[in-house]
Amino acid sequence: MQKVFLLKGKEKPVLHHHNWVYSGAIAKQDKGIGKGDMVMVCSNEGKFLAYGYYNEDSKIRVRLLEWDENVEINEAWWEEKIRNAYTLRKERVENEDTNAYRVIFSEGDALPGLIVDKYDEYLSVQFLTAGLEVRKEMIVSILQKVIPVKGIYERSDSNARTLEGLGMSVGVLYGEKPPSNLLVKENGLLVNTPIVEGQKSGYFLDQRENRKKVAAYTKGMKVLDCFSYTGGFSLNARKAGATEVWSVDSSASATEALSSNYKNNQLDCNEEHVITSDVFQFLRAAQQKNQHWDVIILDPPKLAPNRQNLPKAERAYKDLNLQAMLLMNSGDILATFSCSGSLSLEHFKQILAWAATDAGKELQFLEDLGHPIDHPVRAAFPESYYLKGVIARII
Ligand code: SAH
């Protein structure tokens with residue numbers, strides 16, 4: 001196997017089982033290593049450290065998979081990893097109320113670049129690295145074997161592929177194409193999940209537990225669900241007994257799907273409260289009209305795509321939360337989230353504190369929210385921890 005040698009002093013993260021080796025940590029390497037090839041990563045002196053796959057076109061030059069020199073990374077190795085990840089979800093997540101969840105969460109399951117979501121009888125899969133791109137066929141055949149489904153659909157249309165020098169790739173990999181009216185079960189609710197046409201892999205599975213936790217505050221309340229997408233939080237709140245739920249999203253196809261999701265669950269839907277609009281504008285207009293809700297949910301898209309954008313994103317998170325707080329009174333609940341990996345929970349709470357000061361409100365943190373079981377974070381790779389939120393109260 002071809003070898004990559006690290007610079008002196010750069011072994012530490014590798015020894016701690018971090019998955020990434022940056023180009024800047026490499027001293028030299030054997031000639032002719034192909035895109036996606038498996039390599040042996042060695043210390044400067046040539047001592048074995050780990051196996052991983054290589055990509056000359058990426059700043060993350062090697063993604064590490066195995067730290068035991070005696071283990072061969074063959075088809076059986078991949079199958080065991082995939083089976084292991086699936087078993088956790090089968091045992092801990094799937095039940096009669098929920099048949100949609102993340103089966104493989106990239107570095108969180110020690111399989112860098114691989115995302116597999118199960119939506120009832122279909123899989124939505126993302127191959128985000130060159131090392132996986134060249135092993136796609138093998139991985140699809142293992143998935144078929146381990147997880148019996150009707151169809152496997154590829155949604156490798158994430159920007160992460162560009163950083164790997166890969167183009168976008170979507171389409172059926174096995175079996176049937178998922179229907180656009182596919183209904184999956186989450187928390188006992190039926191949710192229309194357009195795997196082919198939807199955002200990301202079709203639905204935002206990472207908020208399943210948080211939807212339940214937030215819904216617990218909504219009985220008898222008037223709720224505003226901002227960045228609602230197809231209604232994850234709205235439906236859970238309605239089911240929990242919210243008297244009125246308003247949902248706002250800038251995507252017309254998302255709000256359309258949201259309306260049909262109410263019908264799928266025999267829940268009343270007031271079409272006037274399903275609003276296709278920019279949330280920032282909606283909140284400012286609501287202040288002019290003196291509108292009020294008892295519970296406000298803010299689940300924006302990633303506002304900080306990377307660390308460089310953090311200062312700008314900080315201002316956006318602050319403005320968003322400030323605009324919401326300006327609408328709130330004593331006793332009202334704010335459930336607010338960030339899915340920017342580069343923003344820590346502590347930093348996010350600091351931003352909320354600044355927003356509260358500017359809004360002239362006293363904010364009290366009730367619950368910290370994070371990842372569900374099907375989005376596990378490996379101790380060696382804390383960067384996986386991207387979703388954080390709080391439930392807070394104005395006192
Ligand atoms: N809360 C949702 C997931 C939200 S994902 C759930 O539980 O499933 C973020 C959503 O924000 C997307 O649906 C996207 O269409 C929407 N969005 C992005 N920018 C927006 C803006 N400025 N105003 C309103 N919606 C926006």
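Side chains are part of it too, since the values below use all heavy atoms of this structure and drop only hydrogens, waters and symmetry mates. Order of appearance sets the numbers: ligands from 1, and atoms from 1 within every ligand.
- Closest to atom 23 (N) of ligand 1, if we only count protein heavy atoms, is V279 N, 2.9 Å.
- Under a 4.0 Å heavy-atom criterion, P301 is in contact with ligand 1.
- You'll find the side chain of L205 reaches within 4.5 Å of the side chain of Y119, heavy atoms only.
- Counting heavy atoms from C-beta outward, K136 and E154 have side chains that approach closer than 4.5 Å.
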Applying side chain to side chain contact (heavy atoms under 4.5 Å, CB included), run through L224 and L283 and close with a yes or a no. CA-CA 10 Å; L224 175 63; L283 293 175; 3.9 Å; yes
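- The heavy atom nearest to atom 7 (O) of ligand 1, out of those in R211, R208, E186, K302, is found in R211.
- Aromatic ring pairs are classed by plane angle as parallel below 30°, tilted from 30° to 60° and perpendicular above 60°; the pair H273 and W246 is parallel.
- Protein heavy atom in closest approach to atom 13 (O) of ligand 1: D249 OD2, 2.7 Å.
- The Y229 neighbourhood of ligand 1 comprises atoms 2 (C), 3 (C), 8 (O), 13 (O), with distances under 4.0 Å to a heavy atom of that residue.
- Between W67 and H17, the two ring planes are parallel [angle under 30°; tilted spans 30° to 60°].
- The atoms of ligand 1 that sit less than 4.0 Å from any heavy atom of S277 are 23 (N), 24 (C).
- Contact annotation for S250 and ligand 1: heavy atoms of both the backbone and the side chain come within less than 4.0 Å of the ligand.
- Heavy-atom neighbours of K263 NZ from other residues, nucleotides or ligands within 6.0 Å: above the threshold of 12.
- Assignment of C339 to the shell around ligand 1 is not supported, since no heavy atom sits closer than 4.0 Å.
- Cation-pi geometry between K349 and F365 is met: the NZ or CZ atom falls under 6.0 Å from the ring centre, inside 45° of the normal.
- For C226, no heavy-atom contact with ligand 1 is shorter than 4.0 Å.
- Nearest residue to atom 3 (C) of ligand 1 from D278, L320, D299 is D299 (criterion: closest heavy atom).
- Summarising the local packing, CD of E272 is surrounded by 12 or fewer heavy atoms from other residues, nucleotides or ligands at distances under 6.0 Å.
- Counting heavy atoms under 4.0 Å from ligand 1, residue F227 touches it through both backbone and side chain.
- Near S251, with a cut-off below 4.0 Å to any heavy atom, the atoms of ligand 1 are 15 (O).
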